[in-house]
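To start, the structure under review is shown below, and the notes come after it.
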Amino acid sequence: MALAMGNVGHSLAAAVSWGVGDFGGGQATKKGRVFGVVVLVEGVGLIFMLGLALFSAEPIPAARGLLWAIVAGLVNSVGLACFYRALAVGKMSPNASLVGLLATSIPVLVGALTQGWPRPLQVLGFGFGLLSVTLVSFSDSLDGSTRGLGLTFLAGCSFGIFLVFSKHAGELGLFWILAIIRATSILLVLCLSCVSQVKWVPAREQLFVSCLAGVFDGLGNLFYVLATQSGRLDVSAVLSSLYSVVTVILAFVFLRERVTWLQGAGILTALVAILLLSRS
């Protein structure tokens, strides 16, 4: 599968894919049964990645890669369930953006510690990227609403750890790694559903949107791993985290959620971050 887009191109493709997937997942969760949406999203992604693995005849990764994939899948499933629930109980724009801000901080720190301090232009790009997500996040939370804040915080930390773990797993494989991440997530969600006695079977009205979200979420993971394989972890994380901007734009277009002037400034700041990091 030839995807010679480079670090920046793959990262931006991941941002768009994740933004569309999160918008769809949040909408599906509003119809109830969070576990059902997660199972569908992860299940569609699993089928998608298994198909790519078989089509490309990719060899099964070594045990270390499988272990990284399993741990990443466990962390991701926790984050996904918390995030979708936060989108369902709170406003989509601030919750989605705050998750992006939290999820970016962890891999940026890890990237600086493991890959060395980035170049000055990259540091400036990181600053604009974090500023963008912050503006989009907190501008809409000035109304005092804190619904879903705890879930959002947990989801953001989980996604940040997932980005680091999936990067390590992706060094040892691609499609099989992503398939194992998905399979692990599904198993954990089903176990949680059984223990809590919460129904996981999706409602009929959730099917189409959840499946669509699964395709885009799977594409986001694929593009992100490809980005980390072709460049720095922190650059990939910052650009990929701009998926929150995509979610905000979709919420404005389809849900008519108000975009404040600070959110508009955040979107423009994201463009500056993209320009700086693409030139670094």
Side-chain angles (χ1 to χ4, degrees), residues 11 14-15 18-19 21-23 25-26 29 34-35 37-38 41-42 67-115 126-127 129-138 140-141 145-170 178 181-182 184-185 188-189 191-192 217 220-221 224-225 227-228 232-248 266:
S11 300
W18 276 337
D22 288 344
F23 177 80
T29 308
V34 176
F35 282 166
V37 174
V38 175
V41 169
E42 297 293 336
L67 181 60
W68 274 114
I70 291 172
V71 176
L74 293 174
V75 174
N76 184 57
S77 60
V78 173
L80 199 60
C82 292
F83 183 44
Y84 283 174
R85 184 58 185 166
L87 293 182
V89 302
K91 297 194 73 174
M92 179 170 286
S93 297
N95 285 338
S97 303
L98 185 55
V99 165
L101 176 63
L102 292 170
T104 307
S105 302
I106 294 176
V108 165
L109 178 60
V110 172
L113 293 175
T114 59
Q115 296 177 302
F126 295 161
L130 293 174
L131 177 61
S132 167
V133 180
T134 303
L135 287 173
V136 175
S137 172
F138 291 106
D140 204 38
S141 61
S145 176
T146 59
R147 296 191 65 186
L149 185 60
L151 290 169
T152 300
F153 181 81
L154 182 58
C157 292
S158 298
F159 286 149
I161 297 172
F162 165 74
L163 291 178
V164 176
F165 287 175
S166 60
K167 188 264 184 199
H168 289 295
L178 294 172
I181 290 175
R182 296 286 175 166
T184 304
S185 296
L188 179 60
V189 170
C191 289
L192 291 174
D217 191 62
N221 288 355
Y224 173 76
V225 171
T228 62
R232 289 179 60 97
L233 170 63
D234 41 20
V235 173
S236 303
V238 169
L239 289 177
S240 299
S241 73
L242 298 179
Y243 67 82
S244 57
V245 175
V246 177
T247 306
V248 168

| For the residue pair W18 and Y224, does the interplanar ring angle fall in the parallel (under 30°), tilted (30 to 60°) or perpendicular (over 60°) class? |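 Taking Y224 first and then W18, their aromatic rings sit tilted (interplane angle of 30° to 60°).
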
| For L233, does its backbone N or O pair with a side-chain atom of T228 as donor and acceptor, under 3.5 Å? |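 Side chain of T228 to backbone of L233: no pair is present.
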
| message | Applying salt bridge (Lys or Arg N to Asp or Glu O under 4.0 Å) as the test, list every pair that has at least one member in residues 158-169; sequence neighbours left out. | response |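 Sorted result for residues 158-169: K167-E171.
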
| field | Selection residues 67-80 - residue pairs positive for salt bridge (Lys or Arg N to Asp or Glu O under 4.0 Å), sequence neighbours left out | value |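 Salt bridge (Lys or Arg N to Asp or Glu O under 4.0 Å) check on residues 67-80 returns no pairs.
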
Mind listing the closest non-hydrogen atom pair of [X] and [Y] along with its distance?
X: G160; Y: P107; result: O-CD, 3.8 Å
X: A169; Y: A69; result: CB-N, 3.8 Å
X: G79; Y: S158; result: CA-CB, 3.6 Å

| message | Taking ring pair (Phe, Tyr, Trp, His ring centres under 6.0 Å) as the definition, give me every residue that meets it alongside F159, ordered by chain and number, with sequence neighbours left out. | response |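 Listed in chain order: F83.
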
| Does anything in residues 102-111 pair up under side-chain hydrogen bond (donor to acceptor under 3.5 Å, both in side chains), and if so which pairs, sequence neighbours excluded? |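 Matches after skipping sequence neighbours: T104-S241.
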
Taking side chain as C-beta onward, heavy atoms only, is [X] less than 4.5 Å from [Y]?
X: L163; Y: V110; result: no
X: V78; Y: F162; result: no
X: S132; Y: V245; result: yes

| query | How would you list, by chain and number, every residue that makes a side chain to side chain donor-acceptor pair (under 3.5 Å) with S11, sequence neighbours excluded? | reply |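 Here no residue qualifies.
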
| said: Once side chain to side chain donor-acceptor pair (under 3.5 Å) is applied, do any residues pair with R182, and if so which ones, sequence neighbours excluded? | reply: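 R182 satisfies side chain to side chain donor-acceptor pair (under 3.5 Å) with E42, D217 only.
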
Could you grab the distance from atom [atom1] of [X] to atom [atom2] of [Y], nearest 0.5 Å is fine?
X: L154; Y: L102; atom1: CG; atom2: CG; result: 10.0 Å
X: N221; Y: S240; atom1: CG; atom2: OG; result: 10.0 Å
X: F126; Y: L239; atom1: CZ; atom2: CG; result: 8.0 Å
X: L109; Y: I106; atom1: CG; atom2: CD1; result: 8.5 Å
X: L188; Y: I70; atom1: CG; atom2: CD1; result: 12.0 Å
X: N76; Y: I161; atom1: CG; atom2: CD1; result: 11.5 Å

